[in-house]
Amino acid sequence: MEDILRLIIEKYNYWIYITLMMIGLYAIIAKNNLVKKIVGMNILQTAVILFFVSIGVKRGATVPIIEHAHDGAHHAIRAAEYINPLPHVLMLTAIVVSVATLGVALVIAIKTYQRFLTLEEDEILKQIREP
Amino acid sequence: MIWQLDLLILTLVVICGIGAIMVRDLLGAAILFGAYSFMMCLLWAIMGAVDVAFTEASVGAGVSTVFFVSAVYHTTRRTKD
């Protein structure tokens, strides 16, 4: 029991990321409104991005900008003193892609509203079944 | 990374996320989602990912909120859940 408790407290950030992902997944599956589903999709995406960025964090390291960059020949660059920048660069692309996805999803929601005059999923399905 | 600050902001992120999907008003959901994005941006600045933090502040919190508000303006604020 104590081992499990220590595992939860030591890795508290991972448990909170999983909680955020489950909030987003719940909104995608269980919510009835289309805009709420899109909000849930974005929460899921940012939770995954948060997990990836948190992998690169090191204890006692600084932001990944090289000190003494202009006379670099006289100073040795130690990689252990800098946070790993590779996950940051990958997740920068993911943020931009998520905004593009959000724009397309909202346009589809607006077109759906113009055709069915509602954003609720059950009312749209009822109108499709009984025209 | 200061773990007290990290835990505080993570709690605020979870509260804003739950609020954004629970509130019964789509404009309120859009604004709460903007608050969620800004908290996320703070979290990344704490983790040392400054480039990701300012991209999220401009693109995630700014442009996403504008998209949501304009989508709500073109449709309706009413929601059942």
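Letters A, B, ... mirror the listed sequences (proteins, then strands); counts begin at 1.
Considering only heavy-atom pairs separated by less than 4.5 Å from chain B, the leading option among A:V107, A:T112, A:V89, A:L102 is A:L102. In terms of heavy-atom pairs under 4.5 Å with chain A, the best-connected choice from B:V72, B:V50, B:L7, B:I18 is B:L7. The candidate from B:W3, B:F33, B:Y36 with the greatest count of non-hydrogen atom pairs under 4.5 Å with chain A is B:Y36. Top candidate by heavy-atom pairs under 4.5 Å with chain A, chosen from B:V52, B:I21, B:T11, B:V13, is B:I21. When the candidates B:L10, B:V23, B:D6, B:V59 are compared by the number of heavy-atom contacts under 4.5 Å with chain A, B:L10 comes out ahead. For the set A:T62, A:V57, A:T19, the count of heavy-atom pairs under 4.5 angstrom toward chain B peaks at A:V57. Of the listed residues (A:I43, A:L20, A:L92, A:I16), the greatest number of heavy-atom pairs within a distance under 4.5 Å of chain B belongs to A:I43.
Heavy-atom distances place the side chain of B:L43, and not its backbone, under 4.5 Å from chain A. Both the backbone and the side chain of A:I49 come within less than 4.5 Å of a heavy atom in chain B. Both the backbone and the side chain of A:S54 come within contact range of chain B, each with at least one heavy atom under 4.5 Å from a heavy atom of that chain. Only the side chain of B:V63 comes within less than 4.5 Å of a heavy atom of chain A; its backbone N, CA, C and O stay farther away. Of the atoms belonging to A:I23, heavy atoms from both backbone and side chain fall under 4.5 Å from chain B. For B:M40, the part lying under 4.5 angstrom from a heavy atom of chain A is the side chain only.
No more than 12 heavy-atom neighbours from other residues, nucleotides or ligands sit within 6.0 angstrom of OH on B:Y73. Counting heavy atoms of neighbouring residues, nucleotides and ligands inside a 6.0 Å radius, atom OH of A:Y82 exceeds 12 of them. More than 12 non-hydrogen atoms from other residues, nucleotides or ligands lie less than 6.0 angstrom from CZ of A:F116. Within a 6.0 Å radius of CD1 in A:I4, no more than 12 heavy atoms belonging to other residues, nucleotides or ligands are found.
Using a 4.5 Å cut-off on side-chain heavy atoms (C-beta onward), A:I95 and B:W44 make contact.
Closest heavy-atom contact between B:G48 and A:I83: CA-CD1, 3.8 Å. Across all non-hydrogen atoms, the minimal contact from B:S64 to A:V99 is OG-CG2, 4.1 Å.
When the side chains of ILVMFWY residues are joined at heavy-atom separations under 4.5 Å, either directly or via intervening members, A:I28 and B:L26 end up in a single hydrophobic cluster. Residues A:I55 and A:Y12 share a hydrophobic cluster, clusters being chains of Ile/Leu/Val/Met/Phe/Trp/Tyr side chains in contact below 4.5 Å. Hydrophobic clustering (ILVMFWY, side-chain heavy atoms < 4.5 Å, transitive): B:I31 and B:F67 are in distinct clusters. No continuous path of hydrophobic side-chain contacts links A:L106 to A:V96 [ILVMFWY only; heavy atoms under 4.5 Å]. The cluster map of Ile, Leu, Val, Met, Phe, Trp and Tyr, joined by side-chain heavy atoms under 4.5 Å apart, puts B:I46 and A:Y14 in the same cluster.
Residues of residues 118-128 of chain A lying within less than 4.5 angstrom of chain B, judged on heavy atoms, are A:L119, A:E120, A:D122, A:E123 in numerical order. Residues of residues 31-39 of chain A lying under 4.5 angstrom from chain B, judged on non-hydrogen atoms, are A:K31, A:N32, A:N33, A:V35, A:K36, A:I38, A:V39 by number.
The distance from atom CG of A:L50 to atom CD of B:E56, rounded to the nearest 0.5 Å, is 9.5 Å. Of the inter-residue distances, the one linking B:T76 atom OG1 with A:Y113 atom OH reads 5.0 Å to the nearest 0.5 angstrom. Taking OG1 of A:T46 as the reference point, atom CE of B:M39 lies at 13.5 Å (rounded to 0.5 Å). Summarising the geometry, atom CG belonging to B:D51 is positioned 8.5 Å from atom CD1 belonging to A:I65; distances are rounded to the nearest 0.5 Å. With rounding to the nearest 0.5 angstrom, the OG1 atom of B:T75 is 6.5 Å from the CD1 atom of A:I110.
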